[in-house]
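Note sheet for the following structure.
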Amino acid sequence: MAATAIQIERAQGADGYPTSSATPPRSTLKTVLPAVVLFYAAMMPNELRLLLADQYLYAPRMLGFVLLPWVLWQLVRREGKLQIWDYLFVVATFWMVYSFMIFYDPLEGLLRGGALGLDAVLPFLIARLSIRTPNDFRRFLVLVAPAIFLVGLSMFAEVAAGRALIRPAFASVFGDLSAYLDGVEVGRGRDFVDYRFGLFRAAGPFSHPILAGFVLGSFLPIYWFAGVRKWPTPMGLAASLFAILSFSSAAFLALILAIGLMMADFVQRRVSFLSWKLITCVAMMLAATLHFASENGLVSVLVRLTLNPNTGRFRTLIWEYGLISVEKHPWFGIGFTNYERLEWMVPSVDAHWLLLGIRHGWIPPVFMLATCAAAIVVLAASASRASETDRRLRVGMAISLFVCTLTGFTGSFFGGAATWVYMLLGMSLSVGLSPVFQPAFRRQVFPAWLPEAPLGQHQQGVRPRTRRNARLGSQR
């Protein structure tokens with residue numbers, strides 16, 4: 001297996017991407033199981049937890065610790081060759097721990113910050129090392145389709161019942177979650193209960209409807225483009241539509257953005273002069289026009305489009321005072337201490353990347369955002385040379401990761417939702433950096449669920465079919 005990694009490294013061209021002579025890593029069902037098990041753990045409520053050394057081990061955190069020896073062994077064996085973007089993400093999580101050790105005393109900071117850092121780096125590395133090829137990711141989608149569909153059904157049941165069902169059931173067995181002030185447990189937490197349009201906002205196993213909505217919605221472009229046959233695709237698509245039951249502005253905007261990008265891909269593949277570069281430039285020009293032509297800028301326009309404009313305006317204040325906090329404490333943040341704000345504002349920060357900056361300084365959010373941008377770029381670059389089947393998969397992953405990254409500016413990820421975002425980031429890097437020209441693929445598992453044609457296969461030296469190559473061929 002180590003020889004395989006060396007072969008892939010040597011097969012990379014001048015642009016850093018694998019060439020047609022690259023040999024992909026051996027792909028088996030056992031390879032993807034760590035990522036699958038971790039994902040199922042991420043779909044468990046936070047009420048399922050274990051108290052150890054004054055630290056709560058939630059289901060994803062427990063599975064992460066269990067799989068830690070496997071991760072270290074894979075890294076020692078160099079089964080997955082890490083790139084500069086992987087190290088950038090690892091440095092970001094290390095800084096999360098280091099900043100807490102500076103702000104608090106070293107031991108307390110190591111315990112507090114270590115939990116947060118491991119919650120980010122372990123899902124990333126487990127997914128990065130488990131999912132290495134497009135077919136690995138398709139196997140992952142087949143195995144997790146029942147999980148997200150059950151989450152969607154639980155949300156439907158809660159809307160029908162008009163109350164939460166999943167988390168109270170787990171709380172009756174494992175106890176209620178605690179409330180925290182400045183990172184210190186201060187009593188029993190309160191469940192989020194809210195209604196919109198006369199209907200209960202369902203959260204299923206998640207701590208907030210926003211998390212449930214954006215997690216399920218992120219699977220829409222993935223299952224639409226994945227090319228998985230038979231029942232997993234309709235099951236995954238149906239589960240993604242259950243995101244509507246969260247009645248969350250963030251979930252609605254994520255779905256609308258994903259559908260808009262999916263339609264843009266459909267159009268640009270059929271209109272010769274359109275390209276993603278042109279679409280991106282036009283979108284940026286429209287955004288700039290709205291920003292300068294509107295009375296209070298682009299943010300105010302987006303706020304008016306939310307289901308509850310009051311929460312939108314509150315988010316603008318969060319960003320205003322949160323950025324002031326980051327400017328005052330740029331390197332190490334303020335830990336779990338509440339940031340300075342207006343007296344009537346609650347201490348929650350509904351922006352994941354801003355929250356990281358407030359707690360740990362600017363390095364973690366900037367480095368993580370750079371890794372997200374790099375993953376989207378490598379997916380787009382490899383998609384332009386892949387077969388149509390694999391191109392669609394890469395486009396779907398890029399859209400989903402882009403939507404999740406953008407959602408991080410309007411909502412905060414925690415629990416299983418954060419685990420899924422970091423897993424998607426790791427898997428996107430793996431698929432984007434995987435060899436584009438793969439040899440014949442022997443179907444060892446799920447033969448009826450993989451696409452009919454061999455995936456990602458081209459004859460040696462034959463370029464994938466693109467509009468540009470088609471025009472060149474017609475001119476000959």
Side-chain angles (χ1 to χ4, degrees), residues 28-50 56-71 74 118-132 136-158 165-167 169-171 173-174 202-208 211-219 222-223 226 228 231-233 235-240 242-243 397 400 404 413-428 430 445-446 449:
T28 63
L29 174 60
K30 184 173 66 174
T31 304
V32 306
L33 282 181
V36 172
V37 173
L38 180 61
F39 181 83
Y40 271 82
M43 296 299 103
M44 293 291 104
N46 283 344
E47 281 76 7
L48 178 61
R49 66 200 188 280
L50 176 67
Y56 280 110
L57 300 180
Y58 304 100
R61 188 177 294 176
M62 283 190 287
L63 261 295
F65 281 119
V66 171
L67 293 172
L68 179 58
W70 176 83
V71 171
Q74 296 295 309
L118 289 175
D119 285 346
V121 72
L122 284 180
F124 174 82
L125 289 178
I126 290 171
R128 183 79 167 86
L129 297 171
S130 298
I131 308 300
R132 307 175 193 173
D136 284 343
F137 188 65
R138 290 185 176 96
R139 289 192 179 92
F140 173 83
L141 293 179
V142 170
L143 292 170
V144 304
I148 62 174
F149 188 72
L150 287 176
V151 171
L153 287 180
S154 69
M155 295 175 63
F156 179 80
E158 290 184 345
L165 299 175
I166 306 302
R167 294 183 60 212
F170 277 81
V173 178
F174 300 99
F206 294 95
S207 301
H208 198 282
L211 302 179
F214 109 84
V215 168
L216 292 185
S218 67
F219 282 97
I222 292 177
Y223 276 98
V228 178
W231 60 266
T233 294
M235 180 176 287
L237 292 175
S240 66
F242 279 120
M397 295 183 71
S400 180
C404 289
F413 308 141
F414 51 91
T419 301
W420 164 238
V421 171
Y422 296 134
M423 288 182 67
L424 178 61
L425 177 56
M427 291 184 287
S428 298
S430 290
V445 291
F446 308 137
W449 301 334

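- A search for side chain to side chain donor-acceptor pair (under 3.5 Å) contacts involving Tyr223 returns nothing, not counting sequence neighbours.
- Judged as a side chain to side chain contact (heavy atoms under 4.5 Å, CB included), and not counting sequence neighbours, the contacts of Ala35 are Ser130, Ile131, Phe140, Met423.
- One finds the CG atom of Leu63 at 13.0 Å from the OH atom of Tyr40 (value rounded to the nearest 0.5 Å).
- In this structure, Leu50 CG and Tyr56 OH are separated by 10.0 Å, a value rounded to the nearest 0.5 Å.
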Review point. For Val215 and Val151, what are the C-alpha separation, side-chain angles and deciding distance, and is it a side chain to side chain contact (heavy atoms under 4.5 Å, CB included)?
Key: CA-CA 10 Å; Val215 168; Val151 171; over 6 Å; no
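- Few gaps surround CZ on Phe174; more than 12 heavy atoms of other groups in view lie less than 6.0 Å from it.
- A search for ring-ring contact (aromatic ring centres under 6.0 Å, His included) contacts involving Phe214 returns Phe413, not counting sequence neighbours.
- A pairwise comparison of heavy atoms in Met155 and Ala202 identifies O-CB, 3.3 Å as the closest pair.
- Residue pairs meeting the salt bridge (charged side-chain N to carboxylate O under 4.0 Å, His left out) criterion with at least one partner in residues 57-71, sequence neighbours excluded, are Arg61-Asp119.
- Atom CG of Leu68 sits about 8.0 Å away from atom CD1 of Ile126, to the nearest 0.5 Å.
- Contacts of Leu425 classified as side chain to side chain contact (heavy atoms under 4.5 Å, CB included), with partners at least two apart in sequence or in another chain: Phe89, Phe124, Thr371, Cys372, Ala375, Leu401.
- Of all non-hydrogen atoms in Pro34 and Trp70, the two that sit nearest each other are CG-CZ2, 3.8 Å.
- Shown here are the side chain to side chain donor-acceptor pair (under 3.5 Å) partners of Ser218, two or more places apart in sequence or in another chain: Trp420.
- Shown here for Asn46 and Ser207, the closest heavy-atom pair between the two residues is ND2-OG, 3.3 Å.
- With sequence neighbours excluded, the residues that form a side chain to side chain contact (heavy atoms under 4.5 Å, CB included) with Leu118 are Phe65, Val121, Leu122.
- Put simply, the side chain of Ser400 never gets that close to the backbone of Met397: no donor and acceptor are under 3.5 Å apart.
- The closest side-chain heavy-atom distance from Val37 to Val66 is not below 4.5 Å.
- The two residues Glu47 and Arg49 make their nearest non-hydrogen contact at O-NH1, 2.9 Å.
- In this structure, the separation between CG on Leu211 and CG on Leu216 is 11.0 Å, given to the nearest 0.5 Å.
- Leu141 CG to Met235 CE: the interatomic distance, rounded to the nearest 0.5 Å, is 13.0 Å.
- Formation of a donor-acceptor pair under 3.5 Å by the Thr233 side chain with backbone atoms of Val228 is found in this model.
- With sequence neighbours left out, Leu153 forms a side chain to side chain contact (heavy atoms under 4.5 Å, CB included) with Phe149, Leu150, Phe242.
- Summarising the geometry, atom CG belonging to Leu165 is positioned 12.0 Å from atom CZ belonging to Phe156; distances are rounded to the nearest 0.5 Å.
- For Ser430, the side chain to side chain donor-acceptor pair (under 3.5 Å) partners at least two apart in sequence or on another chain are Arg128.
- Nearest heavy atom pair, residue Ser154 against residue Gly204, reads OG-CA, 3.7 Å.
- Taking 4.5 Å as the limit, some side-chain heavy atom of Leu38 sits within range of a side-chain heavy atom of Pro123.
- Nearest heavy atoms, Phe206 versus Ala417: CE2-N, 4.0 Å.
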